[in-house]
Trainee: 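The following block contains the structure, expressed as structure tokens.
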Amino acid sequence: MDKKDIVEVLERIGTMMEIKGENPFKIRAYSAGARTLQTMEEDLGDVIEEGRLGDIPGIGKALTEKIETLYATGELEFYNKLVASVPSGLMDMLDIPGLGGKKIKVLHEKLDVDSIETLTVACQEGRVAELKGFGKKTEEKILSGIKNREAYAARHLWWDAQSMVKKILPGLEELPEVERVEAAGSFRRGMETVGDLDFLVASSNPTPIMDWFTSMDGIVEVTAHGETKSSVRFEGGMQADLRVVPSEQFYFALHHFTGSKDHNVRMRQKALSLGLSLSEWGLRPEEEKDSSRKAGPVEANSEEDIFKALGLQYVPPSLREGMGEVEAAER
DNA sequence: GGGCGGTACTG
DNA sequence: CAGTAC
DNA sequence: GCCC
């Protein structure tokens, strides 16, 4: 079995474990392993041959064994058993916003739902709303999620995302309560495709901003509307999130929500090695857990300041993929 | 053997 | 409060 | 699950 197929198997293992209610950290380990493998430049056969698979960060004893077995035989007992125990239709349900492993499990056990089709019927008959932990609103959300799932699941070309950003950003800039605003996320990193749009605003008066954001033209659904975080969906399926933070936190939050996740992990580790703790809220001494004291002792008036505080050279968004750029920025 | 991010929003 | 999402 |  080749690398691509093995990556696929590892990802599916993660998904199935999610539905089985496995330990989230275990699930993460599988999807991290899949990503690592996917981005590995070397030939998988060579690496296995030389017995170096386990040397790769994120791939330990269990994953090494499974990957080697798949590579050599194309079969994996562990995987086959998992496949046999999870109805394939349940996997598709994870694409529906608001449904995770736990809820899917309940739907399956209580209502015998085993596919998008049977789930649709269960919703239409009102059986989902009667379940504990569910309700009428959940039911409607599931139905609309099903109806739009192709659009929702799809990523969008950077170019399309940009035309959307060009419409939203100026509107935000014009609001008097907005002190600073940036688009973050994979859009800011310049990825070829963009999942959701992520906007970040500095302000001490979020309410009017959130109200404006959740009532823009072209919105088909407001998925969340809070003080610091709101989320909307446009016709065409593009989703946009807005976060409002106090201006002292702006660059920490911008860095955090620009990602990538792997990059953030590296940066947090780097901070920890200096006895500091980095988060979207700020940079503070590690033991000072009290995040109620909002702004940390370290100030940042730009993203550069954050890198500087960690003794790193600036890494532009497009390089923040957690693939060694943090190490390379050491100086 | 213990930690793995910490928080906001929904129902 | 649990579940989900980021 | 992986890492320390």
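Chain A is the first sequence line, chain B the second, and so forth, proteins listed ahead of strands; every chain is numbered from 1.
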Trainee: Among dA8(B), dC2(D), dG3(C), which nucleotide has an atom closest to any side-chain atom of Thr228(A)?
Mentor: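 It is dA8(B).
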Trainee: Would you kindly check whether a donor in the side chain of Glu280(A) faces an acceptor in the base of dG5(B), or vice versa, at under 3.5 angstrom?
Mentor: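 Yes, the side chain and the base share a sub-3.5 Å donor-acceptor pair.
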Trainee: Taking the side chain of Lys66(A) as its heavy atoms from C-beta onward, which of dG1(D), dC6(C), dG3(C) lies nearest to it?
Mentor: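 Shortest atom-to-atom distance from the side chain points to dG1(D).
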Trainee: Please report, rounded to the nearest Å, how far the P atom of dA5(C) is from the CG atom of Leu94(A).
Mentor: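 Rounding to the nearest Å, CG of Leu94(A) and P of dA5(C) are 8 Å apart.
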Trainee: Students often get this wrong, so: under 4.0 angstrom with heavy atoms, is Asp196(A) touching a base, only sugar-phosphate, or nothing?
Mentor: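 The residue Asp196(A) makes sugar-phosphate contact but no base contact.
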Trainee: What's the closest nucleotide to the side chain of Lys229(A) if the choices are dA5(C), dT4(C), dG1(D)?
Mentor: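 Selected nucleotide (nearest to the side chain): dA5(C).
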Trainee: Quick one: label Tyr152(A) by what it contacts on the DNA or RNA (base, sugar-phosphate, nothing), any heavy atom closer than 4.0 Å.
Mentor: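 The residue Tyr152(A) makes no contact with any strand.
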Trainee: Out of dG6(B), dG1(D), dG11(B), which has the shortest distance to the side chain of Trp281(A)?
Mentor: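 The closest nucleotide is dG6(B).
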Trainee: Could you check which of dG1(D), dG5(B), dG3(C) has an atom nearest any side-chain atom of Arg28(A)?
Mentor: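 Shortest atom-to-atom distance from the side chain points to dG5(B).
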Trainee: Please say which of Leu70(A), Thr69(A), Asn80(A) ends up in a side chain to side chain contact (heavy atoms under 4.5 Å, CB included) with Glu75(A).
Mentor: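 With Glu75(A) as partner, side chain to side chain contact (heavy atoms under 4.5 Å, CB included) holds for just one option, Asn80(A).
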Trainee: Any side-chain heavy atom of Val106(A) sitting closer than 4.5 Å to one from Phe134(A)?
Mentor: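 They are in contact (side-chain heavy atoms under 4.5 Å apart), so the answer is yes.
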Trainee: Can a side chain N or O of Lys137(A) be found less than 4.0 Å away from OP1 or OP2 on dG11(B)?
Mentor: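 Answer is yes, contact under 4.0 Å.
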Trainee: Confirm from the modelled atom types if His256(A) and dG6(B) form a donor-acceptor pair under 3.5 Å, side chain to base only.
Mentor: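 Such a pair does not exist between side chain and base.
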Trainee: So, does Arg28(A) use its side chain to make a donor-acceptor pair with the main chain of Phe25(A) at under 3.5 Å?
Mentor: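 Such a contact is absent between Arg28(A) side chain and Phe25(A) backbone.
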Trainee: Of Lys103(A) and Lys261(A), whose nearest nucleotide on DNA chain B comes first from the 5' end?
Mentor: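 The residue closer to the strand's 5' end, by nearest nucleotide, is Lys261(A).
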Trainee: Out of dG3(C), dC2(D), dG11(B), which nucleotide sits closest to the side chain of Thr138(A)?
Mentor: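 Nearest listed nucleotide: dG11(B).
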Trainee: Is the phosphate of dG1(D) approached by Lys26(A) (side-chain N or O, under 4.0 Å from OP1 or OP2)?
Mentor: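 Yes, within the criterion.
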Trainee: Can you check the Glu18(A) CD to dG1(D) C1' distance for me, whole Å?
Mentor: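 In whole Å, dG1(D) C1' lies 14 Å from Glu18(A) CD.
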Trainee: With no hydrogens and no angle check, do the side chains of Gln239(A) and Ser231(A) hold a donor and an acceptor under 3.5 Å apart?
Mentor: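 There is such a pair (donor and acceptor under 3.5 Å, judged by atom type) between the side chains of Gln239(A) and Ser231(A).
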Trainee: Of all the nucleotides listed (dC6(C), dG1(D), dC9(B)), which has the minimum atom distance to the side chain of Met17(A)?
Mentor: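 Of dC6(C), dG1(D), dC9(B), dG1(D) is nearest to the side chain of Met17(A).
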Trainee: Measure the distance from NZ on Lys61(A) to C1' on dC4(D) and round it to the nearest whole Å.
Mentor: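 Taking atom C1' of dC4(D) as the reference, NZ of Lys61(A) is at 18 Å.
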Trainee: Looking only at side-chain atoms of Glu227(A), point me to the closest of dC9(B), dG1(D), dG3(C).
Mentor: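 Minimum distance to the Glu227(A) side chain belongs to dC9(B).
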Trainee: Nearest whole angstrom, please: distance from the C1' of dT10(B) to the CD of Glu139(A).
Mentor: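 The answer, rounded to whole Å, is 16 Å.
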Trainee: Take the protein atom CG of Leu131(A) and the nucleotide atom P of dG3(C), then report the distance between them rounded to whole Å.
Mentor: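 In whole Å, dG3(C) P lies 14 Å from Leu131(A) CG.
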Trainee: In whole angstrom, give me the gap between the P atoms of dC4(D) and dG5(B).
Mentor: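 Per the computed distance, 14 Å lies between those P atoms.
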Trainee: Give the rounded distance in Å between these two atoms: CG of Leu37(A) and P of dG1(D).
Mentor: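 The answer, rounded to whole Å, is 16 Å.
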Trainee: Between His256(A) and His263(A), is any side-chain donor less than 3.5 angstrom from a side-chain acceptor?
Mentor: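 No pair is found: no donor N or O on one side chain lies under 3.5 Å from an acceptor on the other.
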Trainee: Give the nucleotide from the list dC6(C), dT10(B), dG5(B) with an atom nearest to the side chain of Arg268(A).
Mentor: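 It is dG5(B).
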Trainee: Hey, does Ile27(A) reach any base, or is it just sugar-phosphate, or nothing, if we go heavy atoms under 4.0 Å?
Mentor: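 Result for Ile27(A) = nothing.
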Trainee: Without hydrogens or angle criteria, can the side chains of Thr207(A) and Glu227(A) be said to hold a donor-acceptor pair below 3.5 Å?
Mentor: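 On atom types as modelled, these side chains qualify, holding a pair under 3.5 Å.
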Trainee: Rounded to whole angstroms, how far apart are CD1 on Ile13(A) and P on dC2(D)?
Mentor: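 Going from CD1 in Ile13(A) over to P in dC2(D) covers 12 Å.
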Trainee: Under 4.0 Å, heavy atoms only, any strand: does Phe25(A) hit a base, just the sugar-phosphate, or nothing?
Mentor: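 Base contact.
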Trainee: Which part of the nucleic acid, if any, lies within contact of Pro57(A), taking any heavy atom under 4.0 Å across all strands shown: a base, the sugar-phosphate backbone alone, or nothing?
Mentor: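 Here Pro57(A) touches the backbone only, sparing every base.
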Trainee: Keeping Arg284(A) on the side-chain end and Val298(A) on the backbone end, is there a donor-acceptor pair under 3.5 Å?
Mentor: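 Flag not set: sc Arg284(A) to bb Val298(A) has no pair under 3.5 Å.
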Trainee: Taking atom P of dT7(B) as reference, at what distance in whole Å does atom CG of Asp241(A) sit?
Mentor: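 Computing the Asp241(A):CG to dT7(B):P distance gives 19 Å.
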Trainee: Measure from the side chain of Arg243(A), starting at C-beta and using heavy atoms only, and say which of dG3(C), dG11(B), dC6(C) lies closest.
Mentor: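 Out of dG3(C), dG11(B), dC6(C), the nucleotide with an atom closest to Arg243(A)'s side chain is dC6(C).
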